[in-house]
Amino acid sequence: LKRISSILGGNKNTRKGLRLPQEKRNKAMKNPSPQGKTKEPAKKGFLSQEKAKGTMKSLRVLSGIEIVDESAAVAASLHQLTGLRKLAIYKLKISEENDTFKELLSSIEYLGSCGLQTLAINDENSKFINSLPLHYMSAPPRYLVSLELSGKLDWLPVWITSITTLNKLTISITVL
């Protein structure tokens with residue numbers, strides 16, 4: 001896994017995303033303490049487990065993934081992929097009140113400062129691309145060359161005008 005540079009999943013035509021393995025839920029493991037109490041297992045998603053093992057450092061492309069409300073660990077783990085140049089989310093179904101929403105926004109901000117060049121988001125009703133936190137992002141992706149936003153887009157994010165490297169802007173299924 002150390003030499004993997006691209007993970008391409010899902011189907012671009014149908015916009016079916018690849019769902020990364022989630023953390024195990026509802027399975028408490030026994031604590032070996034004499035009191036016999038149980039504790040929750042460590043909440044680590046697929047990417048954070050791989051990073052902890054020292055793998056996937058050379059990942060440059062993560063394309064065709066699906067992020068849903070239960071994917072908070074996956075969204076948070078994106079912070080770890082500092083070498084990522086392309087992130088394509090084919091299916092996004094999250095609510096603004098959920099932790100996944102905040103984690104994904106934080107990851108996009110962080111990766112944008114690390115050299116993310118291509119960002120594609122297909123928003124299927126989650127209102128992520130119309131959210132005020134995304135619209136007024138404090139640290140917009142400064143190295144973006146290509147931005148693709150798909151979904152019911154009411155307005156363009158304010159920070160688009162500040163990106164001097166942006167060459168390709170694709171907006172589909174919009175009400176602009």
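Just so you know, residue 1 is the first one in the sequence shown, and it goes up from there.
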side-chain contact (heavy atoms from CB on, under 4.5 Å) assessment of L116 paired with L87: CA-CA 8 Å; L116 186 68; L87 175 62; 4.1 Å; yes

By side-chain contact (heavy atoms from CB on, under 4.5 Å) - contacts of S146 (at least two apart):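 With sequence neighbours excluded, S146 shows a side-chain contact (heavy atoms from CB on, under 4.5 Å) to T118, K168, given in chain and number order.
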
Between the side chain of R60 and the main-chain N/O of G83, is any donor-acceptor distance below 3.5 Å?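 Flag set: sc R60 to bb G83 pair under 3.5 Å.
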
Measure from the side-chain N and O atoms of S107 to the backbone N and O of A75, and report whether any donor-acceptor pair falls under 3.5 Å.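 Looks like yes, one N/O pair under 3.5 Å.
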
Who pairs with T161 by side chain to side chain donor-acceptor pair (under 3.5 Å), at least two apart in sequence or on another chain?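 Residues passing side chain to side chain donor-acceptor pair (under 3.5 Å) with T161: none at all.
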
For Q117, which residues count as a side chain to side chain donor-acceptor pair (under 3.5 Å) partner, sequence neighbours excluded?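 Testing Q117 for side chain to side chain donor-acceptor pair (under 3.5 Å), a comparison that skips the adjacent residues, returns none.
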
Take atom NZ of K102 as the centre, draw a 6.0 Å sphere, and report whether it contains more than 12 heavy atoms from other residues, nucleotides or ligands.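 Atom NZ in K102 is packed in, count exceeds 12.
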
Of the non-hydrogen atoms in [X] and [Y], which two are nearest, and what is the gap between them?
X    : Y    : result
I94  : F101 : CD1-CA, 3.6 Å
E109 : S138 : OE2-OG, 3.0 Å
M137 : L105 : SD-CD1, 4.2 Å
L92  : D123 : O-OD1, 3.8 Å
P140 : W159 : CB-CB, 3.3 Å
I129 : L153 : O-CD1, 3.6 Å

Straight-line distance of [X] [atom1] to [Y] [atom2], nearest 0.5 Å:
X    : Y    : atom1 : atom2 : answer
S131 : D154 : OG    : CG    : 11.0 Å
K127 : S95  : NZ    : OG    : 10.5 Å
S113 : R142 : OG    : CZ    : 5.5 Å
C114 : L81  : SG    : CG    : 10.0 Å
E70  : N98  : CD    : CG    : 7.5 Å

Test item: [X] and [Y] side chains (from C-beta on) under 4.5 Å apart, heavy atoms:
X    : Y    : value
L149 : P157 : yes
L78  : L111 : yes
T100 : V74  : no

Stepwise side-chain contact (heavy atoms from CB on, under 4.5 Å) test for I108 and F128: CA-CA 12 Å; I108 289 172; F128 182 79; 4.0 Å; yes

Apply side-chain contact (heavy atoms from CB on, under 4.5 Å) to the pair L156 and I171, showing each step before the final yes or no. CA-CA 9 Å; L156 287 174; I171 306 170; 3.3 Å; yes

L166/I160 under side-chain contact (heavy atoms from CB on, under 4.5 Å): CA gap, chis, key distance, verdict: CA-CA 8 Å; L166 192 65; I160 284 182; 4.1 Å; yes

For residues 129-148, which residue pairs qualify under ring pair (Phe, Tyr, Trp, His ring centres under 6.0 Å), counting only residues two or more places apart or in two chains?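 Residue pairs with at least one partner in residues 129-148: H135-W155.
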
Under the ring pair (Phe, Tyr, Trp, His ring centres under 6.0 Å) rule, what pairs show up with a residue in residues 60-83, not counting sequence neighbours?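 Every ring pair (Phe, Tyr, Trp, His ring centres under 6.0 Å) pair that includes a residue of residues 60-83, provided the two are not neighbours, is H79-Y110.
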
Answer yes if V145 and I121 sit in the same cluster of Ile, Leu, Val, Met, Phe, Trp and Tyr residues linked by side chain heavy atoms under 4.5 Å apart, and no otherwise.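 No, V145 and I121 fall in different hydrophobic clusters.
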
